[in-house]
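Notes follow the structure.
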Amino acid sequence: CRSLLVWLGAPSVTFVPGAAAVALPYGLGLGHGIVVDVGRAEGRVTVVAGESGRPLLDTFRVSPCGIEQLAQNFLEVVNESPSKSSVIASVSDAIALLDDFFCGKEVIDREVVNSCLHEAYFDVANPESLVRSFLASLSSCPIDFRKEAIRNVCCIGGTVEFIPNFERKFLKALADAFNGPSNESSHAFRSLRPLLDEKEGCLGIVHPLPFSPGIFAWTAASVFGSTGTLPIDQTVHKQAFLSSQSNDSARSKEAVRGFL
């Protein structure tokens with residue numbers, strides 16, 4: 001906050017509960033939906049509902065599936081493989097290899113990459129996968145909001161942009177979640193099956209987005225900031241901040257003098 005107000009000269013700073021608070025209402029003009037935000041460190045899923053696009057904080061779920069975690073998993077699989085021909089030295093090197101692979105360069109084993117992708121994002125049996133977090137988030141949403149929310153699934157974040165066809169793969173994983181033999185995961189979320197059914201359900205992903213997934217949240221936040229209707233209880237203004245800092249400094253000096 002100090003860096004933004006003092007060093008960068010921002011007139012005020014508003015704190016919001018994640019990208020979900022701005023992505024749908026200010027990026028897409030939607031009131032209901034589900035924001036799937038996959039960044040560098042983690043994936044976050046939140047249901048948004050109401051005319052003002054209010055995030056339902058009880059539906060907030062986090063999954064350790066950011067690009068750094070994907071690269072770490074890939075690094076471990078490759079380095080522990082009995083048939084390894086080379087060693088990946090760092091997560092940065094793993095990210096570079098994955099980037100080359102996604103750009104069409106066959107530099108690494110396709111099966112290994114697909115296995116790591118499936119485990120991190122699309123495996124409903126994995127309790128830490130993104131699709132599992134999505135189902136847990138949706139099941140925590142009030143029933144009255146579920147049908148409208150599931151129509152507008154919005155996938156944003158740098159990792160979504162990094163992985164080709166991420167939205168299509170995620171949509172397929174959700175549609176396939178209840179296909180095949182019954183298992184513990186499908187049983188736990190069986191109430192969601194009518195919503196996610198490939199033929200009769202109402203699952204839909206907003207694609208393409210008006211802005212690239214990697215900058216979508218920032219763009220929506222800029223629109224939000226330009227409205228001039230920032231929530232008072234979530235906003236810190238520069239003048240008030242500097243005044244409070246000055247008062248705190250004066251009290252600290254007085255306390256030191258009293259101690260001496």
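Keep in mind that this is a model prediction, so the values were computed, not measured. Start at 1 with the first residue, then count along the sequence.
Among pairs with a residue in residues 53-67, none fulfils salt bridge (charged side-chain N to carboxylate O under 4.0 Å, His left out), at least two apart in sequence or across chains. Residue pairs that meet the salt bridge (charged side-chain N to carboxylate O under 4.0 Å, His left out) test with at least one member in residues 158-170, sequence neighbours left out, do not exist here. Listed by first then second residue, pairs satisfying salt bridge (charged side-chain N to carboxylate O under 4.0 Å, His left out) with a partner in residues 208-229 number zero, not counting sequence neighbours.
Here the CD1-CG distance, from Ile150 to Leu203, works out to 5.0 Å after rounding to the nearest 0.5 Å. Of the inter-residue distances, the one linking Gln239 atom CD with Ser244 atom OG reads 10.0 Å to the nearest 0.5 angstrom. With rounding to the nearest 0.5 angstrom, the SG atom of Cys155 is 4.5 Å from the CD1 atom of Ile205. Summarising the geometry, atom OG belonging to Ser92 is positioned 11.0 Å from atom CG belonging to Leu97; distances are rounded to the nearest 0.5 Å. Within the model, atoms CD of Glu119 and CG of Leu70 stand 10.0 Å from one another, a figure rounded to the nearest 0.5 Å.
Every residue two or more places apart in sequence or in another chain was checked for a side chain to side chain donor-acceptor pair (under 3.5 Å) with Asp123, and none qualifies. Judged as a side chain to side chain donor-acceptor pair (under 3.5 Å), and not counting sequence neighbours, the contacts of Glu76 are Gln72. Here Thr59 pairs with Thr46, Val47, Leu56, Ser137, Ser140, Cys141 under the side-chain contact (heavy atoms from CB on, under 4.5 Å) rule; sequence neighbours left out. Evaluation of the side-chain contact (heavy atoms from CB on, under 4.5 Å) rule for Pro127 yields Arg132 as partners, not counting sequence neighbours. With sequence neighbours excluded, no residue forms a side chain to side chain donor-acceptor pair (under 3.5 Å) with Lys147. Residues that satisfy the side-chain contact (heavy atoms from CB on, under 4.5 Å) test with Val113, not counting sequence neighbours, are Phe74, Leu98, Phe101, Phe102, Ile108, Leu117. Shown here are the side-chain contact (heavy atoms from CB on, under 4.5 Å) partners of Ser222, two or more places apart in sequence or in another chain: there are none.
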Considering only distance and modelled atom types, tabulate donor-acceptor pairs under 3.5 Å from the side chains of residues 2-22, sequence neighbours left out.
{"from": "Arg2", "atom 1": "NH2", "to": "Gln245", "atom 2": "OE1", "distance (Å)": "2.5"}
{"from": "Thr14", "atom 1": "OG1", "to": "Thr235", "atom 2": "OG1", "distance (Å)": "2.9"}

Just list the side-chain donor-acceptor pairs under 3.5 Å for residues 34-42, sequence neighbours left out, or say none.
{"from": "Asp37", "atom 1": "OD2", "to": "Arg44", "atom 2": "NH2", "distance (Å)": "3.0"}
{"from": "Arg40", "atom 1": "NE", "to": "Glu68", "atom 2": "OE2", "distance (Å)": "2.9"}
{"from": "Glu42", "atom 1": "OE2", "to": "Arg44", "atom 2": "NH1", "distance (Å)": "3.1"}

- Cys154 and Leu28: CA distance, side-chain angles, deciding distance, side-chain contact (heavy atoms from CB on, under 4.5 Å) verdict: CA-CA 9 Å; Cys154 177; Leu28 295 171; 4.0 Å; yes
- Task: Might you work through the side-chain contact (heavy atoms from CB on, under 4.5 Å) test for Phe189 and Leu138, ending with a clear yes or no?
- Result: CA-CA 9 Å; Phe189 301 109; Leu138 182 58; over 6 Å; no
- Task: Decide yes or no on side-chain contact (heavy atoms from CB on, under 4.5 Å) for Phe170 and Tyr121, but give the supporting numbers first.
- Result: CA-CA 8 Å; Phe170 190 69; Tyr121 302 105; 5.5 Å; no
- Task: Walk me through it: do Arg146 and Leu195 pass the test side-chain contact (heavy atoms from CB on, under 4.5 Å)?
- Result: CA-CA 8 Å; Arg146 289 181 185 177; Leu195 294 173; 3.8 Å; yes
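Using a 4.5 Å cut-off between side-chain heavy atoms of Ile, Leu, Val, Met, Phe, Trp and Tyr, with links allowed through other members, Val153 and Leu192 fall into the same hydrophobic cluster. Note: the hydrophobic cluster containing Ile95 also contains Phe166 (ILVMFWY, side chain heavy atoms under 4.5 Å, direct or indirect links). Hydrophobic clustering, with ILVMFWY side chains joined whenever heavy atoms are under 4.5 angstrom apart, keeps Phe145 apart from Val48. Phe122 and Ile163 end up in the same hydrophobic cluster when Ile, Leu, Val, Met, Phe, Trp and Tyr side chains are linked at under 4.5 Å.
Closest of all the heavy-atom pairs between Gln69 and Pro64 is CG-O, 3.0 Å. Closest of all the heavy-atom pairs between Val236 and Phe241 is CG1-CB, 3.9 Å. The heavy-atom pair separating Leu174 from Phe134 by the smallest distance is CD2-CD2, 3.4 Å. Of all heavy-atom pairs between Cys65 and Ala120, the closest is CB-O, 3.6 Å. The two residues Ala23 and Phe216 make their nearest non-hydrogen contact at O-CE2, 3.4 Å. Taking every heavy atom of both residues into account, Thr227 and Phe224 meet most closely at OG1-O, 2.7 Å.
A side-chain contact (heavy atoms from CB on, under 4.5 Å) with Leu135 is found for one member of Val124, Leu130, Val45 and no other, namely Val124.
Proximity of a side-chain donor or acceptor of Asn73 to a complementary backbone N or O of Cys116 within less than 3.5 Å is not detected. Ser129 contributes a side-chain N or O that, together with a main-chain N or O of Asn126, makes up a donor-acceptor pair within less than 3.5 Å.
Inter-residue side-chain proximity for Asp197 and Pro194 is flagged as unmet; no heavy-atom pair is nearer than 4.5 Å.
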